[in-house]
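First the structure, in the form of structure tokens, and then the observations on it.
Note that the structure is predicted; figures quoted are calculated from it, not measured. Sequence lines set the chain letters: A, B, ... in the order given, protein chains first and strands last, and positions in each chain run from 1.
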Amino acid sequence: MELSKNYIPGTVEEKWYKHWMVQNYFKSEPDERLPFTIVIPPPNVTGVLHMGHTLNETVQDILIRKARMSGFNACWVPGSDHASIATEAKVVDMLKREKGIDKNDLSREEFLKYAFEWKEKYGNIIYNQIERLGCSVDWDRVSFTMDDHYYKAVIKVFVDLYKKGLIYRGARMINWDPAAKTALSDEEVEYKDVTGRLYYVKYKVADEGQAAADNFIVIATQRPETIMGDVAVCANPNDERYQNLKGKNVIVPLINKEVPVIFDDYVDKDFGTGVLKITPAHDINDFNIGLKYNLPVIDTLNEDGTLSDAAQIFIGEDRFAARKKIVQELREKGLLVKEEEYTTRLGYSQRTNVVAEPKISTQWFVKMKDLAAPALEEVASGKIQIYPNEKFNATYKYWLENVKDWCISRQLWWGQQIPAWYDEEGRFVVAENENEANEIYNKQYSTTNVQLKRDEDVLDTWFSSWLWPIEVFRGITEPNNKDINYYYPTSVLVTGQDIIFFWVARMIMAGMEYMQEKPFSDVYFTGMVRDKMGRKMSKSLGNSPDLLTLIHEYGADAVRFGIMISAPAGNDLLFDESSLEQGKFFNNKLWNAMKLLKMWEEGKKPNGEGTTDETEGGEVFAINWFENRLNEVRNEVEILMSQFRLSEALKTIYSLIWDDFCSWFLEWIKPEFGTAIDQKVYDKAVSFFDHLLQMLHPFMPFITEEIYHLLKERNDDLMVKQFAPVQEADVEILKLGTKLKNIITAVRDAKNKNNVKPKEKVSLYIETNEVYSYHSIKKILVKQTNADHLIFNETPDTTSIMTVVGNEKIYIKSDAVIDTSVQKEKLAKDLKYLKGFLIAVDKKLSNGKFVQNAKPEVIELERKKKQDAETKIKVIEQTLSAL
RNA sequence: GGGAGCAUAGCUCAGUUGGUUUAGAGCAUCUGCCUUACAAGCAGAGGGUCCGCGGUUCGAACCCGUGUGCUCCCA
């Protein structure tokens, strides 16, 4: 077969993904093996996968493939999230832009039809991306948070929590999104520092007896447009300046309403003028003070953020437009004392990015305290391990200990409709369906034939996704079924740290409440993907590349390599396409190593004719060395992967393949030009390559499978080839290998520095006490340094290049003219280093306290260091004087 | 305002209960090579005040204190 010069990923990737699918390798059914389960964090059906998803999915695929090859029954459940508010906003926008349809002109059913069409389209785009990336998900288990059974599960859980008293309905101060016109949870509000203005406004004191004109107080406010909702002004009880106002009223400007002056410790004397206006409808602190002093609530805003009838003035104007007009009017009437710049934090809706409005509203809430306790315990006790641990344990604990009730109702259509039914008087019942609701209602209120109306609102999207690890196995709707009993709890959750509260903590709560068991054993947080300048990837910056474009350009394996090699565990990742290029080069390296072996295969010698005798060829040592090196690295990689240090594991494998296998091993066994390779040596090389491909497979599945099959005829596939147990490595052989490499490098360096061409033949004279140790490696040494003679413990008769490796002196005799100054320079440098080193060691050893206190093995080590250094210094000094 | 994390080569990061050398890797840089798998390559090399200061210890990149800078979370 004709092999291309370089690796071409496109067709190879498609071919193998199809093959794996046909073979049903991704499919998982409960059996006698141990399960290894991952549920995908379901991407929102709002758009396409970005680089953050790519990192997450790659990590999960690496873990799942590794488990599958290690004897586990690996199951990775794919799916997507309906993402209530985010998707509804997109659909509304799309309808307006593309079809000229206003949501208000549609019925609920009509709108949902469009929304499902949207979900179908974007869901499929996402699934296609997951496939192209090579993810080995079980496609028979695709789940969506609005699937019929899933919908039922959410309703069932709502009803159950309501019956347990953990869900209630009530009027509370919530965060309101005036653009989406819905309530939000506290977590859906993001705070940003902004520069605002502080307005100092005169409030006249209502004092009938005096000449009122000069008698006023000044109040500083950021939100003059809410003054119409003022119900009091408040000062600190210890503030001398305002003692005379006790029991008096002031007049709210523009609407001339009298409100009382009250006193409370809450007010900071030093902020602004020391007096606050109290506007309970539009500020949580004011609301609490209002409750304390039994003040009325006047909501001066409509749902869309315009001024309401209650405002009396500027009715129907947007809140920010009204602010400008009110400021203007205050100024004209001389009621504005001054304005100043002021830095404050404002809450923005996570989805629509408009300023969230604190609002008193009747909504549904989940009581969190009781649910939080067991979820806290699971992590605190270590039953759930979070990686990286030190960063997130504290955050998790703090949130759960201070958790507030969760507002779960949303004034939207896209989502699970709240299963509550109301009569005309506002009395309601909660039930799984309308029939049940009627029954309960009739029983509760002893009536019949009352027309009940279902709550129009839907549930927060996280109220469905917190059931994800349970309901993808139908654990809510069909408790104790075969799947949930086998796959739950799942093994590891891989997700972004930004949703630790939204999702991770709540999944643990739901797991403890409905399964009495944690939903996963490990949580692995990936960092955020940023561009190489450290900026977040975002649409507006245009710095987020398209996944399919990248796969097209570099191949899926290279994309996976590139993103993993630069993803240190738990840290943010600076995405740079050059790392994908590195991945592409790595593909090519693998490809060419394979080509080299195929070349040898054609001309190889039949078994027995070769020079595998230890005294003759270096092949025996090469094989022995690489076998042990392989074992050493396999052990390292096992440890790294169990600690989720995937980036380091990949680096380790990369270096084993590129440096140890390609640069050293293959060169050591490479037959002389025109000669054939021995069959046994060839077979060993192929077998090593198999192991390397297997180790690399979870990271780069396509090219490894392809090369595995090109190397020789197979009856199996690499994807499901099981790892053999790891063997211990022989340290002595590894040491000898290192020595060999050091000598080769030193000789090459010496030749390079003395302008001796690499190809030029030389004679090597080695001064050593350990001639025997060269027995197995001398053939390789000669070949790799282009030497034609190797002589021990003799001095060459002519001027030679000299170099020192360890405590062995090496003369390199060549025909080239030798400039000794270069060698002298290098040797002098080495000598300086060693002498400095020796001083440091001597200092330690001559320190009585060190000898007294340090562990014996440490002292022994220092003595050995001293001895080694002294020997080396002696050799270098001799060499220098000979020059 | 409260809390957490980080600071090591030009860049991105390792450095595993303080002692395997006077700190390692990849990328980038420099030098020499179109050598019969691979120039998307090969062979080499250079590059560090381990953020500053103080302390503990026989011994500190590592532990403690403090300052500075950056990032994130919460109010």
Atom [atom1] of [X] to atom [atom2] of [N]: distance rounded to whole Å?
{"X": "A/Lys751", "N": "B/U31", "atom1": "NZ", "atom2": "C1'", "result": "17 Å"}
{"X": "A/Tyr398", "N": "B/G2", "atom1": "OH", "atom2": "P", "result": "12 Å"}
{"X": "A/Asp186", "N": "B/A75", "atom1": "CG", "atom2": "P", "result": "7 Å"}
{"X": "A/Asn402", "N": "B/G3", "atom1": "CG", "atom2": "P", "result": "13 Å"}
{"X": "A/Lys5", "N": "B/U36", "atom1": "NZ", "atom2": "P", "result": "12 Å"}
{"X": "A/Leu640", "N": "B/G15", "atom1": "CG", "atom2": "C1'", "result": "13 Å"}
{"X": "A/Met599", "N": "B/U35", "atom1": "CE", "atom2": "C1'", "result": "13 Å"}
{"X": "A/Ile669", "N": "B/A37", "atom1": "CD1", "atom2": "P", "result": "13 Å"}

Residue whose closest nucleotide on RNA chain B lies nearer the 5' end, A/Ser578 versus A/Arg530
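Between the two, 5'-proximity favours A/Ser578.
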[M] and [N], which share atom name [atom1], separated by this distance in whole Å:
{"N": "B/U71", "M": "B/U49", "atom1": "C1'", "answer": "25 Å"}
{"N": "B/A14", "M": "B/U57", "atom1": "C1'", "answer": "26 Å"}
{"N": "B/C70", "M": "B/C51", "atom1": "C1'", "answer": "11 Å"}
{"N": "B/A75", "M": "B/C58", "atom1": "P", "answer": "48 Å"}
{"N": "B/G10", "M": "B/U16", "atom1": "C1'", "answer": "28 Å"}
{"N": "B/C63", "M": "B/G19", "atom1": "P", "answer": "11 Å"}
{"N": "B/C72", "M": "B/C30", "atom1": "P", "answer": "35 Å"}
{"N": "B/A7", "M": "B/G52", "atom1": "C1'", "answer": "12 Å"}

Shortest side-chain distance from [X], nucleotide among [options]:
{"X": "A/Thr395", "options": "B/U35, B/C73, B/G19", "result": "B/C73"}
{"X": "A/Lys865", "options": "B/C33, B/C27, B/U21", "result": "B/U21"}
{"X": "A/Phe850", "options": "B/G15, B/A4, B/C58", "result": "B/C58"}
{"X": "A/Phe501", "options": "B/A75, B/G19, B/C74", "result": "B/C74"}

Parallel, tilted or perpendicular: rings of A/Tyr654 and A/Trp658 (30°, 60°)
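It falls in the tilted class, 30° to 60°.
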Stems in RNA chain B: runs of 3 or more consecutive Watson-Crick or G-U pairs, distances under 3.5 Å?
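B:1-7 with B:68-74, B:10-13 with B:24-27, B:29-33 with B:41-45, B:51-55 with B:63-67 - these are the stems of 3 or more pairs that involve RNA chain B.
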Can we say [X] and [Y] salt-bridge, meaning some charged N sits less than 4.0 Å from an Asp/Glu carboxylate O?
{"X": "A/Glu870", "Y": "A/Lys874", "value": "no"}
{"X": "A/Glu808", "Y": "A/Lys739", "value": "yes"}
{"X": "A/Arg530", "Y": "A/Asp572", "value": "yes"}

What is the minimum heavy-atom distance between A/Asn587 and A/Ile703, and which atoms define it?
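Closest approach of A/Asn587 to A/Ile703: O-CD1, 3.3 Å.
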List, with names and distances, any nitrogen or oxygen atoms from the protein found under 3.5 Å away from nitrogen or oxygen atoms belonging to nucleotides 6-13 of chain B.
none

Base versus backbone protein contacts along nucleotides 40-48 of chain B [heavy-atom cut-off under 4.0 Å; B, S, -]
BSSSSSS--
Check for me whether A/Arg629 meets the cation-pi criterion with A/Trp664, that is, NZ or CZ under 6.0 Å from the six-membered ring centre and within 45 degrees of the ring axis.
no
According to side chain to side chain contact (heavy atoms under 4.5 Å, CB included), who are the partners of A/Gln867, at least two apart in sequence or on a separate chain?
none
Counterpart residues, side chain to side chain contact (heavy atoms under 4.5 Å, CB included), relative to A/Phe688 (two or more places apart)
A/Ile623, A/Phe626, A/Glu627, A/Leu630, A/Phe661, A/Phe665, A/Lys684
A/Phe502-A/Trp462 aromatic ring centre distance below 6.0 Å:
yes
Looking across every strand, which nucleic acid part, if any, lies under 4.0 Å from A/Gln852 by heavy atom: base, sugar-phosphate, or nothing?
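No contact.
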Does the side chain to side chain donor-acceptor pair (under 3.5 Å) test come out yes or no for A/Gln643 and A/Tyr387, once each step is laid out?
CA-CA 8 Å; A/Gln643 297 167 337; A/Tyr387 300 85; over 6 Å; no
State whether a side-chain donor-acceptor pair under 3.5 Å links A/Asp659 with A/Ser655.
yes
Applying ring-ring contact (aromatic ring centres under 6.0 Å, His included), run through A/Trp600 and A/Tyr682 and close with a yes or a no.
CA-CA 8 Å; A/Trp600 290 346; A/Tyr682 175 80; 7.5 Å; no
Pairs in or reaching into residues 550-562 of chain A: which pass salt bridge (Lys or Arg N to Asp or Glu O under 4.0 Å), with residues at least two apart or in two chains?
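As it turns out, the salt bridge (Lys or Arg N to Asp or Glu O under 4.0 Å) pairs with a partner in residues 550-562 of chain A, which skip direct neighbours, are A/Asp61-A/Arg560.
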